[in-house]
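These notes concern the structure reproduced below.
Chain letters run A, B, ... following the sequence lines, proteins first and then strands; every chain starts at 1.
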Amino acid sequence: MTDKVRVRFAPSPTGSLHIGGARTALFNLLFARHSGGTFILRIEDTDTERSTEESVAQIIRSMKWLGLDWDEGPDKGGDYGPYFQSQRLELYRKEAERLLKEGKAYYCYCTPEELAARREAMMKAGKAPRYEGLCRNLTEEDRKRYEAEGRKPVIRLKVPQEGQTVVEDIIRGTVVFENSVLDDFIIMKSNGMPTYNFACVVDDHAMGITHVIRAEEHLSNTPKQILVYKALGYELPKFAHVPMILAPDRSKLSKRHGATSVEEFRDQGYLPQAIINYLTLLGWSPPDGEEIMSMEKAIKEFTLERVNKTAAIYDVKKLTWLNSHYLRELDLDYITEQVIPFMVKKGIITQEDAEQNYEYIKRVVAVSRDRSKTLDELADAIAFFFKDVEEYEEKGVKKHFCKENAAELLLKGAEALEKLEEFTHESTEHAFRSLTDAMGVKAAELIHPTRLAITGRTVGPGLFDIIVLLGKEKTVSRMRKAAEWIKNNEKI
RNA sequence: GGCCCUGUGGUCAAGUGGUUAAGACACCGCUCUUUCAAGGCGGUAACAGGGGUUCGACUCCCCUCAGGGUCACCA
């Protein structure tokens, strides 16, 4: 075995990848890349009841979308595969068998029902619900009798009842557990599948994992796993338990807290760069305090020592701020490509439009993207470039259309634009300003109603950017249509 | 309930015995401006509580409280 760092992210495919899992994966990747090590993805699908193929696919999809690329694992292969625990059953059986032979583990024939009943009784008696080692010293006859009853045994590890198990955690320091609080836990289920605490250890050893970096919820499992390491004669890896990510109400993240899965954020129009940047800052901070950072920079600066111990409450507002930052800073073509699916989904354009008018869409995005926080929002914000204005924002109508001269100004403005040979930012602006100068009104008195007329809104990009992109024909007709609308509504 | 972890502004988060206790998001002003953003400038706001140790504690120790995790043939 070499000193080379090998870490893994080991999700169980029982749901989508949520931001907590993504953050754990990210920290593993950051640590691996920082130290020139290997990042492994291992699917822990030993729960045959709850694991699904769809979930595996979704996790993989989310990780790829985020740019969390693994070196070994599904789709990649590697020298330590297979990377699905369900395909490694022989290994677990072999190791469990060894423990049995060495007298470090034993068969237990207690049924789940019996166990549950006893657990309940112990709880009622105010005692800690632990397995008391009933089957620890079964005779050969006992076993035969149980087998004859058709009972399927599980395999339990013999846990020492004396002494302590110490976890040396890179983030939390030394954590001591009394062995007396542990019981003889199950390592192999009656259906032949290993339990988490067993499979995880066997695999981490078999795959040469040097650092186990995972969420804090596993800290309490660690002494059990250390006992397995010892029983199996394995060398211990280093442990690092990263703080949890909590919902705004300080509780564990769940569906009722709105978006928590990576795909939900994606569908809401968040960029992977923003999510990664945000997650990087949750539980870790760079030495220089500079918060806007690419994954490359995070890799350069990431150390486990700077990971903090306290659970973090995730704050969508900050994620959103980062998202708007990347929306305006990232490559224009990239953002354009990202926003198109949202436009298509909303029926603003068709896929064909997108292909034919790509350059135009790109120009629209260029003048508009500064103002949106998400791709979804951006798609809405630029819709008027592609669809006619159906209605005018109410507060804008009150403000800009209810003035005496609004319709007249619009008409005159339209006329001025129509006469233009050259239709540029400069020429249209000049036309507007000379018109208002001649009329003795402020340019704003024409600008505001015009924006409302051609976009339906009071907010948006610079007016002349809009006018030029919209083109003479559409601009003029929308202005006239608005003037008409104003006249009709005055009568009422 | 037992065990374990944690406790700096609303949120993220620097800080490792002596600091005017950084910074970011959010919020509030001002500024820029054709609107809205962005930008610039400024502002409100924190060491959970109580005991120790020390010349001196946000920093070390203990207790309390609070939050979280875990005690499954889930991971």
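Contacts of A:H218 with the nucleic acid, taken as non-hydrogen atoms under 4.0 Å apart, include base atoms. In this structure, A:R50 reaches the bases: a heavy-atom distance under 4.0 Å links it to at least one base atom across the strands shown. Residue-level contact check: A:A312 touches the backbone only, with heavy atoms under 4.0 Å from sugar-phosphate atoms and none from bases. Residue-level contact check: A:G396 touches neither bases nor backbone, having no heavy atom under 4.0 Å from any strand. A:R119 comes within 4.0 angstrom of sugar-phosphate atoms only, judged by non-hydrogen atoms across all strands, and of no base. Residue contacts shown for A:R328 are limited to sugar-phosphate atoms, with no base heavy atom under 4.0 Å away. Using a 4.0 Å heavy-atom criterion, one finds that A:V167 contacts no nucleic acid atom at all. Residue A:P223 is out of contact with every strand shown, counting any heavy-atom pair closer than 4.0 Å.
Nucleotides B:rU8 and B:rA48, compared at atom P, are 6 Å apart to the nearest Å. B:rG18 sits 23 Å from B:rG23 when the C1' atoms are compared, rounded to a whole Å. Comparing B:rC61 with B:rA45, their C1' atoms are spaced 31 Å from each other, to the whole Å. A distance of about 23 Å separates the P atoms of B:rU64 and B:rA57, rounded to the whole Å. Taking the P atom of each, B:rU16 and B:rU53 are spaced 25 Å apart, rounded to whole Å. Taking the C1' atoms as reference points, B:rC65 lies 7 Å from B:rG49, given to the whole Å. B:rG9 and B:rA14 have their C1' atoms separated by 13 Å, with the value rounded to a whole Å. Using atom P as the reference point in both B:rC5 and B:rG10, the two lie 27 Å apart (nearest Å).
With respect to A:E393 and A:K395, a salt bridge is recorded, a charged nitrogen being found less than 4.0 Å from a carboxylate O. Under the 4.0 Å criterion applied to side-chain N and carboxylate O atoms, A:E90 and A:R93 are assigned as salt-bridge partners. Contact check on A:D45 versus A:R88 returns no salt bridge, with no Lys/Arg side-chain nitrogen under 4.0 Å from an Asp/Glu carboxylate oxygen. Salt bridge absent: A:E168 and A:K238 never bring a charged side-chain N and a carboxylate O closer than 4.0 Å. We find that A:K309 and A:E216 are not joined by a salt bridge, their nearest charged nitrogen and carboxylate oxygen being 4.0 Å or further apart.
Look at A:N221 and you won't find any side-chain N or O under 4.0 angstrom from OP1 or OP2 of B:rA75. Applying the 4.0 Å criterion to OP1 and OP2 of B:rA75, one finds that A:T46 has a side-chain N or O inside that range. At B:rA14, one or more side-chain N or O atoms of A:S285 fall inside 4.0 Å of OP1 or OP2 (strictly under the cut-off). Here A:K252 does not reach the OP1 or OP2 of B:rG67: none of its side-chain N or O atoms lies under 4.0 Å away. For A:R433 and B:rU34, the shortest distance from a side-chain N or O to OP1 or OP2 is below 4.0 Å.
Both A:H425 and A:R306 sit near RNA chain B, but only A:R306 has its closest nucleotide nearer the 5' end. With the nearest nucleotide of RNA chain B identified for both A:K189 and A:E216, A:E216 has the one nearer the 5' end.
Candidate nucleotides B:rU70, B:rU6, B:rU11 were compared by shortest atom distance to the side chain of A:T310, and B:rU6 ranks first. Listed candidates were B:rC12, B:rC73, B:rG69. Nearest to the side chain of A:S220 is B:rG69. Taking only side-chain atoms of A:L463, from C-beta outward, the nucleotide of B:rC12, B:rU35, B:rU34 with the closest atom is B:rU34. Here the nucleotide nearest the side chain of A:V154, chosen from B:rA13, B:rC73, B:rU34, is B:rC73. Distances from the side chain of A:F177 to the nucleotides B:rU6, B:rC3, B:rC25 place B:rC3 closest. Comparing atom distances between the A:S190 side chain and each of B:rC73, B:rC25, B:rA13 picks out B:rC73 as nearest. Closest to the A:N197 side chain, of the nucleotides B:rC5, B:rG67, B:rA75, is B:rA75. When the nucleotides B:rC73, B:rA26, B:rU34 are ranked by their closest atom to the side chain of A:F464, B:rU34 comes out on top. The side chain of A:D315 lies closest to B:rG10, out of B:rG69, B:rG10, B:rA75. Of the candidate nucleotides B:rC73, B:rU6, B:rC12, B:rC12 has the atom lying nearest to any side-chain atom of A:L282.
If you measure from atom CZ of A:R93 to atom P of B:rC73, you get 19 Å, rounded to the nearest angstrom. In this entry the distance linking CG of A:D183 with P of B:rU70 reads 17 Å, nearest Å. The distance between atom CG of A:L446 and atom C1' of B:rU34, rounded to the nearest whole Å, is 10 Å. Rounded to whole Å, the distance from CG on A:L452 to C1' on B:rC36 is 14 Å. Straight-line distance from the CZ atom of A:R156 to the P atom of B:rC73: 7 Å, rounded to whole Å. Nucleotide B:rU34 holds its C1' atom 14 Å from the CG atom of A:D437, rounded to whole Å. If you take CG of A:D249 and C1' of B:rU11, they are 13 Å apart, rounded to a whole angstrom. If you measure from atom CZ of A:F198 to atom C1' of B:rC74, you get 17 Å, rounded to the nearest angstrom.
For B:rC36, its base sits under 3.5 Å from the side chain of A:R371 at one donor and acceptor pair at least. On a pure distance criterion of 3.5 Å, a polar donor-acceptor pair joins the side chain of A:R451 and the base of B:rU34. Contact of A:E291 with B:rG23 (side chain to base): a donor-acceptor pair of N or O atoms is detected under 3.5 Å.
The partner of B:rG18, taking Watson-Crick or G-U wobble pairs whose two distances both stay under 3.5 Å, is B:rC55. Across all strands shown, B:rG7 forms a Watson-Crick or G-U wobble pair, both distances under 3.5 Å, with B:rC65. In this entry B:rA38 has no Watson-Crick or G-U wobble partner, no candidate having both defining distances under 3.5 Å. Under the Watson-Crick and G-U wobble criteria, each requiring two contacts below 3.5 Å, nucleotide B:rU70 is paired to B:rG2.
Of all the heavy atoms in A:F185 and A:N197, the pair that sits closest is CE1-CB, 4.2 Å.
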**side-chain contact (heavy atoms from CB on, under 4.5 Å) between A:T428 and A:F423, worked out** = CA-CA 6 Å; A:T428 52; A:F423 208 71; 3.8 Å; yes

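In this structure, A:R130 contributes its side chain and A:L182 its backbone to a donor-acceptor pair below 3.5 Å.
The six-membered or imidazole ring of A:W284 lies away from that of A:F27, with a centre-to-centre distance of 6.0 Å or more. Note: A:H205 and A:Y229 fail the aromatic proximity criterion, with ring centroids not under 6.0 Å apart.
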